[in-house]
Protein chains: 2
Amino acid sequence: MPKNKKQQVTAVPERRGELLATAAEVFAAQGYNATTVRRIADEAGMLAGSLYYHFDSKESMLDEILSTFLTELWEGYDAVLAAGLGPRETIEALVTESFREIDRHRAAVAIYQKESRHLTELPRFGYLADSQRKFEQAWLGTLERGVETKAFRADLDVRLTYRFVRDTVWVAASWYRPGGQHSPEEIARQYLSMVLDGIAVRE
Amino acid sequence: MPKNKKQQVTAVPERRGELLATAAEVFAAQGYNATTVRRIADEAGMLAGSLYYHFDSKESMLDEILSTFLTELWEGYDAVLAAGLGPRETIEALVTESFREIDRHRAAVAIYQKESRHLTELPRFGYLADSQRKFEQAWLGTLERGVETKAFRADLDVRLTYRFVRDTVWVAASWYRPGGQHSPEEIARQYLSMVLDGIAVRE
DNA sequence: GCCGTTCCCTAACAAGTGTTTGGTAGGTTA
DNA sequence: TAACCTACCAAACACTTGTTAGGGAACGGC
């Protein structure tokens, strides 16, 4: 019954990508440690041992999921940071780019959020800490630049603001569903409007 | 060596509370499923089996941690909601109360955030879904009331705003450390300033 | 028709899991 | 002194975990 072969016309590593996608989905839903390799195999229509033809460990799957996500994320971020925009425009572009990444890699983002804390302790996932540092540098730097140029308020704790902005953007992965009634750009617009101008009515 | 008896003068279930506190700490740090009962016992200076003198299962510990947290949380929330404040003042009070709860139950909040999604499927943890509904009702209702009375902007999607506010408040548990340089009230003040008035400079 | 490759299955492995059972040291009560 | 309770240990239990080894069906190229 679980014999959907489809066309094997294309290159080679197509199946591998499919398996990573289903694994990411299960990891995101159940948590990495709570996910058994048998459950992933089940979802993919095969037996547990067969996964080891494609991957050499459960950890390798997680590694590949997270690293490919971060690679793509930084392609987008680096493009924004290299564009030479003003502080406010940079924040707007970063937020929009972030919601686009959530749209594309919802599962990976959810996994990253749940597991990154204790994964950074493993040498294999050292690149998570690197990415986190670069991330903080980009956001915090932009916020500080904005305070200097009087684009942003000076009476707010920049580091606190950074944490709030960072968290709110990325937790969206926990409730966002692609194909829902809001596009990533629309969500970004609403979010930016709230964070930049506030929700209170001005008088 | 792990024989710190202290005074056993007080009532009976004092040790129970200590064990729950260390269990909560480990759950929060490693995740519930990734935490072994041997690890908890280790941290408490005893053997795995001995835990079963105090609790009848690992799940029971989690249950007790989460339910006592939610009970205390709703004591605070209900008091705020019954005070008959205006929309803006209600939001301010809810946010402040939330950061106080994070200060008191950091571990429980972190656990709740990581695990609530898949715990709600278990009948035993049905009260999590109940609490979530009450929670949404309180926040969403207040926001809508604020839009009606023109305290909050009408051009923002209320449900999106609710999600952003909710998430940002509670993820704080992942980086907040009691005894740090910011008190819960100070964090609440900064956060409210950002969400209500925005971070951009007005002209 | 044979060879090699791709992809999966069958069956087992050792280590680790939550939990149980019976026992026991030490204190309190009678 | 005897009975009892509290809080733990020691040792095992059944089960699940990630992983491996060997085999085989389907298919394309020669």
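All figures in this text were calculated on a predicted structure; none of them were measured in a lab. Below, chain A is the first sequence line, B the second, and so on; all start at residue 1.
Between Glu92(A) and Arg189(A) there is no salt bridge, since no side-chain nitrogen of the basic residue lies less than 4.0 Å from a carboxylate oxygen of the acidic one.
For Ala48(A), the listed nucleotide lying nearest its side chain is dT19(D); candidates were dA7(D), dG18(C), dT19(D). Nearest to the side-chain atoms of Thr36(B) among the listed nucleotides dC8(C), dT17(D), dG18(C) stands dG18(C). For Arg38(B), whose side chain is taken as the heavy atoms from C-beta onward, the closest listed nucleotide among dT19(C), dC9(C), dG18(D) is dT19(C). Closest contact between the side chain of Ser50(A) and the listed nucleotides dT19(C), dT17(D), dC9(C) involves dC9(C).
Residue contacts for Thr35(B): at a heavy-atom cut-off of 4.0 Å it reaches the sugar-phosphate backbone alone, with no base atom in range.
Summarising the geometry, the separation between CZ on Phe55(A) and C1' on dT6(C) is reported as 15 Å, rounded to the nearest angstrom. When rounded to the nearest whole Å, the span between CG of Asp56(B) and C1' of dA7(D) equals 17 Å. Atom CZ of Arg16(B) and atom P of dA7(D) are 11 Å apart (whole Å). Here the P atom of nucleotide dT16(D) and the CG atom of Leu47(A) are 16 Å apart, to the nearest Å. Look at CG on Leu51(A): it is 9 Å from P on dC8(C), rounded to the nearest Å. Between the P atom of dT6(C) and the CG atom of Leu19(A) lies a distance of 16 Å, rounded to the nearest Å. Straight-line distance from the OH atom of Tyr32(B) to the P atom of dT17(C): 14 Å, rounded to whole Å. If you measure from atom CE of Met46(A) to atom C1' of dT6(C), you get 12 Å, rounded to the nearest angstrom.
Contact annotation: Arg15(B) side-chain N/O to dT6(D) OP1/OP2 distance is not under 4.0 Å. Applying the 4.0 Å criterion to OP1 and OP2 of dT19(C), one finds that Tyr52(B) has a side-chain N or O inside that range. Dashed line: the shortest gap from a side-chain N or O of Tyr53(B) to OP1 or OP2 of dC8(D) is not under 4.0 Å. For His54(B), a side-chain nitrogen or oxygen approaches OP1 or OP2 of dC8(D) to under 4.0 Å.
Note on ring orientation: taking the six-membered ring where Trp is involved, the planes of Phe135(B) and Trp170(B) are tilted (angle from 30° to 60°). Taking the six-membered ring where tryptophan is involved, the planes of Tyr191(B) and Phe99(B) are perpendicular, since the angle between them exceeds 60° and thus also 30°.
Residues Ser193(A) and Arg153(B) bring a donor and an acceptor atom of their side chains to less than 3.5 Å of each other.
For the pair Asp63(A)/Glu59(A), no side-chain contact is recorded, criterion being any heavy-atom separation below 4.5 Å from C-beta on.
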